[in-house]
Amino acid sequence: QVQLVESGGGSVQAGGSLRLSCQASGYSYRTGWFRQAPGKEREGVAVTCRGSVCTYYADSVKGRFTISQDYAKNTVYLQMNRLKPEDTADYYCAAEFQGGPYWNASRAWRAWGQGTQVTVSS
């Protein structure tokens, strides 16, 4: 099972930016970013595949977040701009998608990182 390590979280004011990184221990064809706010279910934020043929975003982050990858480093990034207080959550990257019609179903992913916290203040 591939191991994932997230980094880059922190505290910013609304309107600010952060870039999250997800370092994988090996090859991952498809990598997703999820987030979970206190008291809420984990939700899919973005996903990408090698060659970017399956890049999708949650409606709530479209136009503000960008997912990208560095193949040589086995690293996937999540650039988050124009952050809002409602973006506050623990952010997780996921790999080893098991299939199914919904990339944003957390149960469809087998490998998870430990999470990195993002706090956006108003």
Side-chain angles (χ1 to χ4, degrees):
Q1 184 174 2
V2 65
Q3 304 298 312
L4 304 169
V5 178
E6 302 97 334
S7 61
S11 296
V12 296
Q13 290 192 326
S17 298
L18 284 172
R19 189 178 79 156
L20 306 183
S21 299
C22 173
Q23 170 78 57
S25 60
Y27 175 86
S28 177
Y29 172 70
R30 189 186 314 240
T31 305
W33 279 100
F34 287 74
R35 66 186 181 187
Q36 188 165 18
K40 294 189 176 181
E41 293 187 356
R42 191 168 296 190
E43 63 171 347
V45 175
V47 63
T48 193
C49 301
R50 295 269 174 159
S52 302
V53 295
C54 71
T55 299
Y56 301 107
Y57 298 91
D59 288 344
S60 58
V61 306
K62 279 180 183 176
R64 300 188 298 120
F65 290 13
T66 302
I67 190 169
S68 62
Q69 50 194 319
D70 184 327
Y71 302 137
K73 296 181 179 179
N74 283 332
T75 299
V76 173
Y77 303 98
L78 186 68
Q79 178 66 43
M80 306 186 296
N81 298 329
R82 292 185 281 134
L83 282 160
K84 304 175 181 180
E86 50 264 45
D87 294 318
T88 295
D90 291 325
Y91 283 71
Y92 301 87
C93 65
E96 298 187 11
F97 182 66
Q98 302 298 292
Y102 305 111
W103 66 266
N104 54 353
S106 59
R107 65 182 179 277
W109 300 79
R110 188 169 68 173
W112 292 88
Q114 82 290 348
T116 186
Q117 188 173 52
V118 172
T119 302
V120 184
S121 58
S122 56

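Keep in mind that what you see is a predicted model, and the values were worked out from it rather than measured.
Qualifying side chain to side chain donor-acceptor pair (under 3.5 Å) partners for K40, counting only residues two or more places apart in sequence or in other chains: none. In this structure D70 satisfies the side chain to side chain donor-acceptor pair (under 3.5 Å) test with no other residue, sequence neighbours excluded. For T116, there are no side chain to side chain donor-acceptor pair (under 3.5 Å) partners two or more places apart in sequence or in a different chain. Not counting sequence neighbours, the partners of Q36 by the side chain to side chain contact (heavy atoms under 4.5 Å, CB included) test are R42, Y92. Legend: residues meeting side chain to side chain contact (heavy atoms under 4.5 Å, CB included) with A111, ordered by chain and number and at least two apart, are Q1, V2, L4, A95, E96. Take R64 and apply the salt bridge (Lys or Arg N to Asp or Glu O under 4.0 Å) test, not counting sequence neighbours, and it matches D87. Legend: residues meeting side chain to side chain donor-acceptor pair (under 3.5 Å) with R19, ordered by chain and number and at least two apart, are absent. For T75, the side chain to side chain contact (heavy atoms under 4.5 Å, CB included) partners are S21, Q23, K73, Y77, not counting sequence neighbours. Here S11 pairs with T119 under the side chain to side chain contact (heavy atoms under 4.5 Å, CB included) rule; sequence neighbours left out.
Within the structure, no pair that satisfies the salt bridge (Lys or Arg N to Asp or Glu O under 4.0 Å) test touches residues 74-86, not counting sequence neighbours. For residues 77-122, the pairs satisfying disulfide (SG to SG under 2.5 Å) are C22-C93, with sequence neighbours left out. Residue pairs meeting the disulfide (SG to SG under 2.5 Å) criterion with at least one partner in residues 45-87, sequence neighbours excluded, are C49-C54.
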